[in-house]
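Only a predicted model underlies this, so the values are computations on that prediction, with no experimental measurement involved.
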Amino acid sequence: VQLQASGGGEVRAGDSLRLSCAASGRTFSSNDMGWFRQAPGKEREFVAAISWGGGSTRYADSVKGRFTISRDNAKNTVYLQMNSLKREDTAVYYCAAGWAFSDSGKQYDYWGQGTQVTVSS
């Protein structure tokens with residue numbers, strides 16, 4: 001599985017962005033998907049995950065109520081809708097694929113290249 005994340009950019013606090021992660025490979029529809037982020041000088045952290053069928057989602061407490069993860073298996077794409085962005089959401093965002101619906105990066109086998117999100121006040 002190859003993953004290509006896109007949609008990042010520079011926005012102001014309170015704005016919205018939608019990240020996309022396009023996957024190639026036959027197993028996407030059976031993969032659980034996750035979004036993670038890494039801010040400068042910090043460790044990578046979990047943001048959101050969605051099960052292979054889209055029926056289950058989970059979120060980090062810091063984004064709950066503001067971010068929404070979704071997927072379109074017909075398009076081999078997973079999305080992260082980010083609303084009410086805050087400065088502390090500034091990071092490189094990575095999508096990941098695997099076979100474990102998990103908030104641990106160690107459970108994911110494939111990673112995209114990352115897309116930068118910068119939120120200014």
Side-chain angles (χ1 to χ4, degrees):
V1 176
Q2 292 185 322
L3 304 174
Q4 180 75 35
S6 61
E10 296 186 22
V11 297
R12 290 187 176 272
D15 286 349
S16 298
L17 274 177
R18 188 176 80 157
L19 305 183
S20 299
C21 177
S24 63
R26 300 179 182 178
T27 64
F28 176 81
S29 61
S30 64
N31 287 139
D32 299 306
M33 300 294 295
W35 284 98
F36 293 77
R37 67 186 182 186
Q38 188 167 20
K42 295 186 177 181
E43 293 187 353
R44 183 181 64 195
E45 65 174 358
F46 169 75
V47 176
I50 188 167
S51 59
W52 63 271
S56 297
T57 58
R58 58 170 43 156
Y59 298 92
D61 287 342
S62 59
V63 307
K64 203 171 294 183
R66 299 188 299 122
F67 291 11
T68 302
I69 188 171
S70 61
R71 66 190 297 160
D72 185 340
N73 285 348
K75 296 182 178 180
N76 278 14
T77 302
V78 63
Y79 304 98
L80 185 68
Q81 178 67 44
M82 306 186 294
N83 298 330
S84 302
L85 282 162
K86 304 176 181 179
R87 288 189 64 184
E88 50 264 43
D89 295 319
T90 295
V92 177
Y93 283 71
Y94 300 90
C95 58
W99 284 271
F101 179 56
S102 174
D103 59 4
S104 170
K106 296 179 181 179
Q107 299 297 319
Y108 292 85
D109 299 279
Y110 306 100
W111 291 82
Q113 87 289 359
T115 185
Q116 176 72 47
V117 173
T118 302
V119 184
S120 61
S121 58

K.L.:
What about Trp111 and Trp99, same hydrophobic cluster or not, with Ile/Leu/Val/Met/Phe/Trp/Tyr joined at side-chain heavy-atom distances under 4.5 Å?
P.N.:
no
K.L.:
To the nearest 0.5 Å, tell me how far Phe67 CZ sits from Thr57 OG1.
P.N.:
14.0 Å
K.L.:
Could you check whether any side-chain heavy atom of Thr77 comes within less than 4.5 Å of a side-chain heavy atom of Phe28, counting everything from C-beta outward?
P.N.:
no
K.L.:
Please determine whether residues Met82 and Val11 belong to a single hydrophobic cluster, defined as Ile, Leu, Val, Met, Phe, Trp and Tyr linked transitively by side-chain heavy-atom distances below 4.5 Å.
P.N.:
yes
K.L.:
Is there a chain of hydrophobic side chains (I, L, V, M, F, W, Y, each step under 4.5 Å between heavy atoms) that links Trp35 to Val92?
P.N.:
no
K.L.:
I need the minimum non-hydrogen distance between Ala91 and Ala39, along with the two atoms involved.
P.N.:
CB-N, 3.8 Å
K.L.:
At their closest point, which heavy atom of Ser51 faces which heavy atom of Arg71, and how far apart are they?
P.N.:
O-NH1, 2.9 Å
K.L.:
Which distance, rounded to the nearest 0.5 Å, do you find between the CG of Leu17 and the CD of Gln81?
P.N.:
8.5 Å
K.L.:
Could you go step by step and tell me if Gln113 and Leu3 meet the side chain to side chain contact (heavy atoms under 4.5 Å, CB included) rule?
P.N.:
CA-CA 7 Å; Gln113 87 289 359; Leu3 304 174; over 6 Å; no
K.L.:
As an exercise, state the distance from SG of Cys21 to CG of Asn76, rounded to the nearest 0.5 Å.
P.N.:
10.0 Å
K.L.:
Taking everything shown except Glu10 itself, do over 12 heavy atoms lie less than 6.0 Å from its CD?
P.N.:
no
K.L.:
Check this for me, if you would: do Lys86 and Asp89 make a salt bridge, where the nitrogen-to-carboxylate-oxygen distance has to be below 4.0 angstrom?
P.N.:
no
K.L.:
Please give me the minimum heavy-atom distance between Gln107 and Ser102, naming the atom from each residue.
P.N.:
CG-OG, 3.3 Å
K.L.:
So how far is it from Asn73 CG to Met33 CE, rounded to the nearest 0.5 Å?
P.N.:
9.5 Å
K.L.:
Can you measure from CZ (Arg87) to OG1 (Thr118) and round to the nearest 0.5 angstrom?
P.N.:
11.0 Å
K.L.:
Using the side chain to side chain contact (heavy atoms under 4.5 Å, CB included) rule, take Arg37 and Val117 through it: C-alpha gap first, then chi angles, then the decisive distance, then the call.
P.N.:
CA-CA 9 Å; Arg37 67 186 182 186; Val117 173; over 6 Å; no
K.L.:
Is Val1 reachable from Val78 through a run of I, L, V, M, F, W or Y residues, each pair having side-chain heavy atoms under 4.5 Å apart?
P.N.:
yes
K.L.:
Kindly determine whether Tyr59 and Thr68 satisfy side chain to side chain contact (heavy atoms under 4.5 Å, CB included), including the steps that lead there.
P.N.:
CA-CA 8 Å; Tyr59 298 92; Thr68 302; 3.8 Å; yes
K.L.:
Quick one: do Asn31 and Trp52 satisfy side chain to side chain contact (heavy atoms under 4.5 Å, CB included)? Show the steps, please.
P.N.:
CA-CA 5 Å; Asn31 287 139; Trp52 63 271; 5.8 Å; no
K.L.:
Thr90 side chain to Val119 main-chain N or O, any donor-acceptor pair under 3.5 Å?
P.N.:
yes
K.L.:
Please check if atom CD in Glu43 has more than 12 non-hydrogen atoms from other residues, nucleotides or ligands closer than 6.0 Å.
P.N.:
no
K.L.:
Phe36 pairs by ring pair (Phe, Tyr, Trp, His ring centres under 6.0 Å) with which of Phe46, Tyr93, Tyr94?
P.N.:
Phe46
K.L.:
Which heavy atom of Ala13 sits nearest to which heavy atom of Ser121, and what is that distance?
P.N.:
CB-CA, 4.3 Å
K.L.:
Of all heavy-atom pairs between Arg44 and Gly105, which one has the smallest distance, and what is that distance?
P.N.:
NH2-CA, 3.8 Å
K.L.:
Is there a path of hydrophobic side-chain contacts, each under 4.5 Å between heavy atoms of I/L/V/M/F/W/Y residues, joining Tyr110 to Tyr79?
P.N.:
no
K.L.:
Looking at Asp32 and Ala100, would you say the former's side chain and the latter's main chain have a donor-acceptor pair under 3.5 Å?
P.N.:
yes
K.L.:
Work out which heavy atom in Lys42 is nearest to a heavy atom in Gln38; give both atom names and the distance.
P.N.:
O-NE2, 3.0 Å
